[in-house]
Amino acid sequence: MPELPEVEIVRRGLAPAMEGAVFSSVETRRPDLRFPLPQKFRDRLQGTRVDALRRRGKYLIADLGSGESLIMHLGMTGRFTVSKAAGTVRPGDFYRADPGDPAHDHVSFVMRKRRLESRIDYNDPRRFGFMDLERTNGLDNSRHLAGMGPEPLGPDFTPQSLNAALSGRSAPIKAALLDQAVVAGLGNIYVCEALFRAKISPRRQAYNVSAAKSALLHETIREVLAEAIEAGGSTLRDFAASDGAPGFFQDRFQVYGREKEPCPSCGAPIGRLVQSGRSTFYCGKCQR
DNA sequence: CGATTAACCTGGAAGC
DNA sequence: TGCTTCCAGGTTAATC
């Protein structure tokens with residue numbers, strides 16, 4: 001579920017509980033998620049302060065006072081929920097909207113900032129998510145972040161940089177945009193939406209996207225991501241902000257999940273095809 | 001080297 | 001109702 005907008009919504013929800021707070025308790029209920037949890041995971045977190053919680057593509061990164069960073073990825077079904085810690089709550093305060101299946105609460109943190117305690121639960125049924133610890137220094141070259149493309153909402157993502165990244169590639173533009181090395185943070189939904197807005201066929205080979213179309217695509221990528229963040233992300237099945245609130249951008253999808261419905265631009269039925277094993281939704285008439 | 005596919009894992013929806 | 005099959009927001013190791 002989580003592409004860049006959803007991860008950004010999660011970051012904004014976790015930041016008040018995590019930034020400036022210390023891990024007072026770390027509980028793991030299994031040794032691994034997608035990968036084994038790092039060695040001495042609890043020891044390296046407990047008592048450590050979080051200086052900042054940031055996002056890089058679909059990754060969440062908590063920079064710690066210890067000189068390490070906690071890297072978190074939500075995979076497909078990862079979800080963080082923030083609630084007040086047991087013990088500090090008053091009766092009726094312990095409200096956790098839609099907690100999901102507790103069988104999949106794999107990691108829990110208790111964060112303490114002065115006298116305020118927050119409980120953070122990580123729930124992930126499919127366990128495609130992971131957590132890792134790396135030195136903050138040189139993090140951009142760590143195994144998870146090395147080779148990652150520019151942040152689409154940042155200054156390094158320009159019409160020229162996108163055009164250059166696409167120029168050497170013969171893969172379909174759909175596949176190229178899913179490659180995190182081209183631009184960070186896009187997933188299946190927002191690639192479909194951005195290509196529709198730019199009226200580019202998902203089948204077109206990346207190097208055949210003209211400079212003018214690259215510039216338009218650059219604009220539609222930023223536009224669709226910014227609008228999605230503004231709407232609180234997209235909730236298809238199980239995405240929710242860390243306070244349990246759903247997103248609303250799914251109501252504004254123009255093509256994603258709308259096979260056979262009329263194209264909002266020309267009225268022709270929306271098509272679906274499978275590219276690199278994933279569904280692509282598009283308008284065969286508008287997108288060339 | 002770049003591109004495509006299979007696999008990781010579970011749950012929900014659709015089909016029979 | 002119950003069983004089977006298909007599909008899902010992501011990444012990556014293996015194969016072409």
Side-chain angles (χ1 to χ4, degrees), chain A residues 1-11 29-36 55-60 71-80 98-106 122-132 142-149 152 165-194 202-208 224-225 228-229 231-241 246-253 255-260 272-281:
Chain A
M1 45 177 156
E3 301 182 34
L4 186 152
E6 290 74 35
V7 177
E8 177 59 23
I9 293 301
V10 170
R11 190 197 67 77
R29 297 184 189 80
R30 51 178 303 133
D32 59 337
L33 295 170
R34 178 182 182 85
F35 308 116
R55 180 189 56 70
R56 176 79 172 98
K58 300 170 193 169
Y59 292 83
L60 285 169
I71 303 172
M72 298 168 278
H73 196 289
L74 304 174
M76 293 274 261
T77 52
R79 177 160 160 176
F80 281 103
D98 186 14
D101 186 344
H104 301 300
D105 278 344
H106 305 307
Y122 180 70
N123 182 284
D124 188 355
R126 289 174 77 180
R127 297 202 304 279
F128 285 173
F130 62 84
M131 296 188 191
D132 203 359
S142 68
R143 64 186 171 121
H144 299 301
L145 305 185
M148 203 171 225
L166 298 179
S167 64
R169 294 174 175 259
S170 60
I173 182 67
K174 164 76 187 305
L177 292 178
L178 285 174
D179 185 340
Q180 304 296 295
V182 170
V183 55
L186 291 179
N188 207 31
I189 292 176
Y190 298 108
V191 165
C192 290
E193 294 296 315
R203 292 180 149 122
R204 180 173 289 273
Q205 290 183 292
Y207 65 67
N208 272 332
V224 75
L225 293 176
I229 292 171
S234 302
T235 296
L236 293 190
R237 267 166 285 280
D238 38 25
F239 169 73
F248 295 101
F249 193 72
Q250 67 280 4
D251 299 335
R252 284 157 59 188
F253 290 167
V255 289
Y256 186 86
R258 297 195 179 280
E259 185 183 11
K260 293 176 182 160
R272 184 178 83 93
L273 59 90
V274 175
Q275 294 178 290
S276 38
R278 339 255 330 246
S279 288
T280 300
F281 298 90

Protein N or O to nucleotides 14-16 of chain C N or O, pairs below 3.5 Å:
none

By ring-ring contact (aromatic ring centres under 6.0 Å, His included), which residues pair with [X], not counting sequence neighbours?
| X | value |
| --- | --- |
| A/F35 | A/F130 |
| A/Y122 | A/F80 |
| A/Y256 | A/F253, A/F281 |

Of all residues at least two apart in sequence or in a different chain, which pass the salt bridge (Lys or Arg N to Asp or Glu O under 4.0 Å) check with [X]?
| X | answer |
| --- | --- |
| A/R127 | none |
| A/R56 | A/E151 |
| A/R203 | none |

TODO: Considering only heavy atoms of chain A and a distance under 4.0 Å, specify the first and last nucleotide of DNA chain B in 5' to 3' order that meet this criterion.
DONE: B/dA3 to B/dG11
Open item on the list: Regarding C/dA8, can its base be found pairing with the side chain of A/R278 as donor and acceptor, where the two atoms are less than 3.5 Å apart?
Closed with: no
Open item on the list: If only side-chain N and O atoms count, and only distance matters, is there a donor-acceptor pair under 3.5 Å linking A/R272 with A/S279?
Closed with: yes
Open item on the list: Between A/Y190 and A/E6, do the side chains contain a donor N or O and an acceptor N or O under 3.5 Å apart?
Closed with: yes
- [ ] Looking at every strand, decide which applies to A/G187 at a 4.0 Å heavy-atom threshold: base, sugar-phosphate, or nothing.
- [x] sugar-phosphate
Open item on the list: With nearest nucleotide decided by heavy atoms, which residue, A/S279 or A/M148, maps closer to the 5′ end of DNA chain C?
Closed with: A/S279
Task: Results of side-chain hydrogen bond (donor to acceptor under 3.5 Å, both in side chains) for A/R258 - residues two or more places apart only - done: A/E261
Task: Sequence-distant partners of A/S167, side-chain hydrogen bond (donor to acceptor under 3.5 Å, both in side chains), two or more places apart - done: none
TODO: Pull out every stem in DNA chain B, meaning runs of 3 or more consecutive Watson-Crick or G-U wobble pairs with both distances under 3.5 Å.
DONE: B:2-8 with C:10-16, B:10-16 with C:2-8
TODO: Would you indicate which nucleotide in C/dG10, C/dT12, C/dA8 comes nearest to any side-chain atom of A/R272?
DONE: C/dA8
Open item on the list: With a cut-off of less than 4.0 Å, is there a side-chain N or O of A/Y256 near OP1 or OP2 of C/dG9?
Closed with: yes
Open item on the list: Tell me which pairs pass salt bridge (charged side-chain N to carboxylate O under 4.0 Å, His left out) where either residue lies in residues 167-177 of chain A, with sequence neighbours left out.
Closed with: A/R169-A/D179
